[in-house]
2 protein chains.
Amino acid sequence: MHSSPTQPGPEPNYLLCMDCAGFNLRKTMRVVSQHYDDALRPTGIRGTQFSLLVAVKMAGPVTVTQLAEMAVMDRTTLTRNLNVLEKQGFVAIATGTDRRTRRVTITKEGLVTLRQAYPLWTQAQAHLIAKLGPERQQSLMENLSKLVEAALAR
Amino acid sequence: MHSSPTQPGPEPNYLLCMDCAGFNLRKTMRVVSQHYDDALRPTGIRGTQFSLLVAVKMAGPVTVTQLAEMAVMDRTTLTRNLNVLEKQGFVAIATGTDRRTRRVTITKEGLVTLRQAYPLWTQAQAHLIAKLGPERQQSLMENLSKLVEAALAR
DNA sequence: GACTCATACGTGTATATACTCATTTCACCA
DNA sequence: TGGTGAAATGAGTATATACACGTATGAGTC
């Protein structure tokens with residue numbers, strides 16, 4: 001007697017899926033992202049855009065591919081996100097010397113908004129760390145880092 | 001002498017923003033989600049859909065709002081995600097006795113796909129845990145839980 | 001210089017996410 | 001019974017994400 005190929009073995013224990021790293025990461029990301037978005041709302045930018053503006057400012061003039069590698073972000077995702085910031089006037093996207101590349105820089109308006117957003121971000125960050133405790137903050141960052149490493153390893 | 005109101009004080013140290021919990025969570029979520037998506041690709045569903053199917057199966061017939069509260073997910077986001085699963089034939093959405101509500105259930109096709117996906121999920125999960133170590137897995141879950149708690153606290 | 005290949009990038013399409021606002025239905029009360 | 005407010009939901013709009021595919025440009029070779 002064989003069991004059906006489409007229903008092999010006993011019913012799985014789906015309760016185990018509550019420990020799924022992806023599910024829990026997404027859940028946490030949603031709540032935490034909203035926390036930062038709420039804090040940054042007076043400035044008109046979101047947490048994602050804040051992080052991206054910081055990255056563009058730090059990396060100076062930079063190509064899309066370079067920025068994507070830094071942020072461990074899909075290149076095409078980054079393109080769309082940059083387009084939003086460009087439309088808002090916070091970054092400038094010009095053609096590079098190598099005309100295949102795009103040269104991304106932060107604008108003066110971007111700098112003003114970034115400076116306005118910074119204290120709000122600091123406050124939101126401090127709120128979380130205070131509730132979390134510094135040692136948990138430390139281990140969280142380590143865990144996330146290890147997780148990225150593990151998921152990228154093939 | 002006052003400093004300009006649009007440029008108050010010295011240049012912020014944007015290097016601190018690399019420790020942003022939101023930024024690091026999003027980054028990790030992207031990579032980890034792709035890990036699960038890759039594993040589940042043979043089944044045609046993604047990690048998000050897998051988690052949602054599990055939730056619908058576990059919660060039995062359930063309303064949209066109930067499911068949203070369980071998953072700590074925006075209600076309207078859940079509606080769109082459920083519509084995708086309905087279009088694929090994996091969940092059924094019927095009007096409840098209280099005709100304001102929707103009664104969401106998993107279909108037979110949904111169960112078949114879920115059972116097919118389960119071993120692939122297990123493998124992807126085990127891969128991550130193996131690279132992470134059981135004690136890091138434990139502390140990661142605790143940290144994420146605390147983080148949700150902290151971000152929800154107002 | 002022409003051919004070939006690799007590199008950098010954008011577009012089409014689809015899912016995931018959430019805010020705002022409108023609609024339907026129910027419960028309750030005068 | 002009619003009115004009022006609350007509850008459950010959907011729709012419009014916008015951003016975030018990524019895969020598959022196509023295009024433009026540069027580099028190297030003959």
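Chain identifiers are assigned alphabetically (A, B, ...) following the order of the sequence lines, protein sequences preceding nucleic acid strands; residue numbering begins at 1 within each chain.
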May I ask you to say what [X] touches in the nucleic acid, namely base, sugar-phosphate or nothing, with a heavy-atom cut-off under 4.0 Å?
| X | result |
| --- | --- |
| A/Arg103 | nothing |
| A/Thr48 | sugar-phosphate |
| B/Thr77 | base |
| B/Arg80 | base |
| A/Thr79 | sugar-phosphate |

Checklist entry - More 5' along DNA chain C: B/Gln49 or A/Asp98, using each one's nearest nucleotide? => result A/Asp98
Checklist outcome for this item: The answer to which of A/Arg46 and A/Thr63 contacts DNA chain C further toward the 5' end, by nearest nucleotide, is A/Thr63
Rounded distance in Å - [atom1] ([X]) to [atom2] ([N]):
| X | N | atom1 | atom2 | answer |
| --- | --- | --- | --- | --- |
| A/Asn83 | D/dA14 | CG | C1' | 14 Å |
| A/Leu53 | D/dA16 | CG | P | 11 Å |
| A/Arg30 | C/dT17 | CZ | P | 5 Å |
| B/Leu78 | D/dT9 | CG | C1' | 11 Å |
| A/Leu82 | C/dG10 | CG | P | 8 Å |
| B/Leu25 | C/dA16 | CG | P | 19 Å |
| B/His35 | D/dT17 | NE2 | P | 20 Å |
| B/Arg41 | C/dT15 | CZ | P | 14 Å |

Checklist entry - What nucleotide among D/dG10, C/dA8, D/dT17 has an atom nearest to a side-chain atom of A/Thr65? => result C/dA8
Checklist entry - In terms of side-chain heavy atoms of B/Thr101, which of C/dC19, D/dA18, D/dT9 is nearest? => result D/dT9
Return all side-chain donor-acceptor pairs below 3.5 angstrom for residues 53-66 of chain A, not counting sequence neighbours, or 'none' if the list is empty.
| residue | atom | partner | partner atom | Å |
| --- | --- | --- | --- | --- |
| A/Lys57 | NZ | B/Glu11 | OE2 | 3.2 |
| A/Thr63 | OG1 | A/Gln66 | N | 3.2 |
| A/Gln66 | OE1 | A/Thr63 | N | 3.2 |

Donor-acceptor list for residues 76-85 of chain B side chains, cut-off 3.5 Å, not counting sequence neighbours:
| residue | atom | partner | partner atom | Å |
| --- | --- | --- | --- | --- |
| B/Thr76 | OG1 | B/Asp74 | OD2 | 2.5 |
| B/Thr79 | OG1 | B/Arg75 | O | 3.2 |
| B/Asn83 | ND2 | B/Thr79 | O | 3.4 |

Next on the checklist: For the backbone of B/Leu152 and the side chain of A/His35, can you confirm whether one donor and one acceptor N or O come within less than 3.5 Å of each other?
Outcome noted: no
Checklist entry - Under a cut-off of 3.5 Å for both distances of each Watson-Crick or G-U pair, what dot-bracket string does DNA chain D give, using [ ] for crossing pairs and | for inter-strand pairs? => result ||||||||||||||||||||||||||||||
Item to check | Side-chain hydrophobic cluster, 4.5 Å single linkage: members besides B/Met141 | outcome: none
Strictly under 3.5 Å: I want the nitrogen or oxygen pairs between protein and nucleotides 3-6 of chain D, one per line.
none

Item to check | Presence of donor-acceptor pair under 3.5 Å, side chain of B/Arg75 and base of D/dG10 | outcome: yes
Item to check | Side-chain donor/acceptor of B/Thr76 to base of C/dC19, under 3.5 Å | outcome: yes
Checklist entry - Should we say atom CZ of A/Arg136 is surrounded by more than 12 heavy atoms from elsewhere, each under 6.0 Å from it? => result yes
Checklist outcome for this item: Comparing nearest nucleotides in DNA chain D, the 5'-proximal residue of the pair A/Arg99, A/Gln88 is A/Gln88
Next on the checklist: So A/Gln123 and A/Tyr118, do their side chains get closer than 4.5 Å, heavy atoms only?
Outcome noted: no
Checklist entry - Quick one: does A/Phe50's side chain get under 4.5 Å of B/Cys17's, heavy atoms only? => result yes
Identify all side-chain donor-acceptor contacts of residues 42-49 of chain A below 3.5 Å with residues at least two apart in sequence or on another chain.
| residue | atom | partner | partner atom | Å |
| --- | --- | --- | --- | --- |
| A/Thr43 | OG1 | A/Leu40 | O | 2.6 |
| A/Thr43 | OG1 | A/Ile45 | N | 3.4 |
| A/Gln49 | OE1 | A/Arg46 | N | 3.0 |

Item to check | Any B/Asn81 side-chain N or O less than 4.0 Å from OP1/OP2 of C/dT15 | outcome: no
Checklist entry - Looking only at side-chain N and O atoms, does B/Gln34 come under 4.0 Å of OP1 or OP2 in D/dC19? => result yes
